[in-house]
Amino acid sequence: MPFPWRGPVDVSFFLQPTNVLAKALLGTVLVHDTPEGLTAGRIVEVEMYQGPWDKAAHSYGGRMTERTRIMYEDAGHAYVYFIYGMHYCLNVVSGPHGAPEAILIRALEPLEGLELMAQRRRLAWPRKGLCELTNGPGKLAQAMGITKRQYGWHLAHSALRLYHDQDPLPDNQLATGPRINVNYAEEAALYPWRFWVAGHACLSVKNRA
DNA sequence: AGAGAGATTTCCT
DNA sequence: GGAAATCTCTCTT
């Protein structure tokens, strides 16, 4: 019975530079406690976005809209956005207050509540493997029951929260590369701001291509 | 395995 | 009007 793993993260966990926090998130466990049940998954792939100078960031140029407002708040809040008219994506707000930085959660390894995840994903049962429940940003939001409702929640003390589980990832298991689907962002499209657990089975499909 | 279309909100020009 | 921090399905090699 793994839950509650090693222990919940403290607010101070989020007060690290974004590039440090992005790597520290790998291996931590995201938990969502809902009336329908508890789901949990280990973070295995992330991307960081550092507005206002990052052309791929929603906050590029200091843009602040109703959608991006939370990016300017304290680190640790959830930034959830709706994309392509279909999907939600979860980010961890990062950086100092007023600095619009965030870390996109791109893939999880499913750990708890697998049947509920499959139900939310409308999969009778994963045919190709459990990873297909959560191996992409839109998929994991759906499997974890994350929608705009969770926008602005704090990941240290809400029903959507993070747990430490293992020691920090050793350097030889950390892989780095350009971010996915940001080709429009000119030089920023090449920044190596995607981080993942090397060789993990549950990486997003595009990461493995 | 790889390409293409469709789902259709939020934001920018 | 058009593209986007995506995914699933279908058609073609």
Side-chain angles (χ1 to χ4, degrees), chain A residues 18-19 21-23 25-26 30 41 43-73 75 77-95 99-110 117-152 155 175-196 201-209:
Chain A
T18 296
N19 61 329
L21 177 60
K23 296 167 191 169
L25 285 172
L26 295 174
L30 181 69
I43 297 175
V44 297
E45 181 181 342
V46 301
E47 282 176 357
M48 68 174 196
Y49 289 84
Q50 285 197 295
W53 299 282
D54 175 4
K55 287 182 179 168
H58 292 160
S59 53
Y60 174 59
R63 287 197 306 255
M64 180 157 61
T65 63
E66 183 64 21
R67 181 176 68 154
T68 60
R69 176 184 57 76
I70 198 70
M71 289 184 77
Y72 294 79
E73 295 300 324
H77 287 99
Y79 168 40
V80 182
Y81 66 88
F82 194 55
I83 190 70
Y84 299 123
M86 291 283 293
H87 302 286
Y88 294 97
C89 294
L90 171 67
N91 295 248
V92 180
V93 172
S94 178
E101 304 177 4
I103 299 159
L104 171 67
I105 309 303
R106 287 196 56 88
L108 300 177
E109 173 191 347
M117 286 187 183
Q119 186 182 321
R120 285 171 173 155
R121 294 264 294 116
R122 284 155 220 240
L123 297 174
W125 191 250
R127 290 196 290 259
K128 303 168 200 158
L130 289 175
C131 290
E132 74 180 287
L133 291 170
T134 53
N135 59 356
K139 294 176 182 179
L140 74 89
Q142 187 179 29
M144 295 288 289
I146 295 167
T147 68
K148 283 217 103 83
R149 207 175 155 71
Q150 283 72 41
Y151 182 96
L155 296 168
T176 301
R179 294 170 293 180
I180 304 283
N181 286 355
V182 296
N183 307 319
Y184 59 90
E186 300 172 19
E187 79 280 359
L190 300 175
Y191 297 167
W193 285 358
R194 178 163 47 101
F195 308 106
W196 67 93
C202 297
L203 299 175
S204 66
V205 173
K206 291 205 168 176
N207 189 13
R208 287 181 290 167

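Given the structure is predicted, the values throughout are model-derived calculations rather than measurements. Naming convention: chains lettered A, B, ... in sequence-line order (proteins, then strands); numbering from 1 in each chain.
No side-chain N or O of Y151(A) forms a donor-acceptor pair with one of H77(A) less than 3.5 Å apart.
Across all strands shown, dT8(B) forms no Watson-Crick or G-U wobble pair with both distances under 3.5 Å. Across all strands shown, dA5(C) forms no Watson-Crick or G-U wobble pair with both distances under 3.5 Å.
Considering only side-chain N and O atoms, R106(A) lies under 4.0 angstrom from the phosphate OP1 or OP2 of dT6(C). Within the structure, a side-chain polar atom (N or O) of H58(A) is placed less than 4.0 Å from OP1 or OP2 of dA5(C). In this model, the phosphate group of dA5(C) is not approached by any side-chain N or O of N181(A) to a distance below 4.0 Å at OP1 or OP2. Between dA5(C) and K206(A), no contact under 4.0 Å exists linking OP1 or OP2 to a side-chain N or O. A sub-4.0 Å separation between OP1 or OP2 of dT9(B) and a side-chain N or O of R67(A) is absent.
Distance check on atom P: dG4(B) versus dA4(C) gives 16 Å, rounded to whole Å. When the C1' atom is used for both dA3(B) and dA5(C), the distance is 22 Å, rounded to whole Å.
Looking at which nucleotide of DNA chain C each of I180(A) and L123(A) is closest to, the 5′-most match is held by I180(A). With DNA chain B read from its 5' end, the first of the two nearest nucleotides for M86(A) and K148(A) is the one closest to M86(A). Heavy-atom distances to DNA chain C give each of K139(A) and Y184(A) a nearest nucleotide, and the one nearer the 5′ end belongs to Y184(A).
A donor-acceptor contact under 3.5 angstrom links the side-chain atoms of Y81(A) to the base of dA5(C).
Within the nucleic acid shown, R121(A) comes within 4.0 Å of sugar-phosphate atoms alone, with no base atom in reach, counting heavy atoms only.
The CD atom of E66(A) sits 10 Å away from the P atom of dT10(B) (whole-angstrom rounding). Rounded to an integer number of Å, the gap from Y191(A) OH to dA5(C) C1' is 16 Å. Atom CZ of F82(A) is separated from atom C1' of dC7(C) by 12 Å (rounded to the nearest Å). dT10(B) atom C1' lies 12 Å from atom OH of Y88(A), rounded to whole Å. In this structure, the OH atom of Y79(A) is 10 Å from the C1' atom of dC11(B), given to the nearest Å. Remark: P of dT9(B) and OH of Y151(A) are 19 Å apart, rounded to the nearest angstrom. As rounded to whole Å, 13 Å separates atom C1' of dG2(C) from atom CD1 of I83(A). As rounded to whole Å, 17 Å separates atom P of dG2(C) from atom OH of Y84(A).
In this structure, the aromatic ring of Y49(A) is positioned over the six-membered ring of the base of dA5(C), centres within 5.5 Å and planes within 30°.
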Item to check | Pair L108(A)-M144(A), side chain to side chain contact (heavy atoms under 4.5 Å, CB included): steps then yes or no | outcome: CA-CA 10 Å; L108(A) 300 177; M144(A) 295 288 289; 3.9 Å; yes

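Interatomic distance, CG of N19(A) versus OG1 of T176(A), reported as 10.5 Å (0.5 Å rounding).
Between K139(A) and E132(A) there is no salt bridge, since none of the side-chain N atoms of the basic residue sits less than 4.0 Å from a carboxylate O of the acidic one. We find that R179(A) and E47(A) are not joined by a salt bridge, their nearest charged nitrogen and carboxylate oxygen being 4.0 Å or further apart.
Side-chain atoms of R194(A) come within 3.5 Å of backbone N or O of P178(A) as a donor-acceptor pair.
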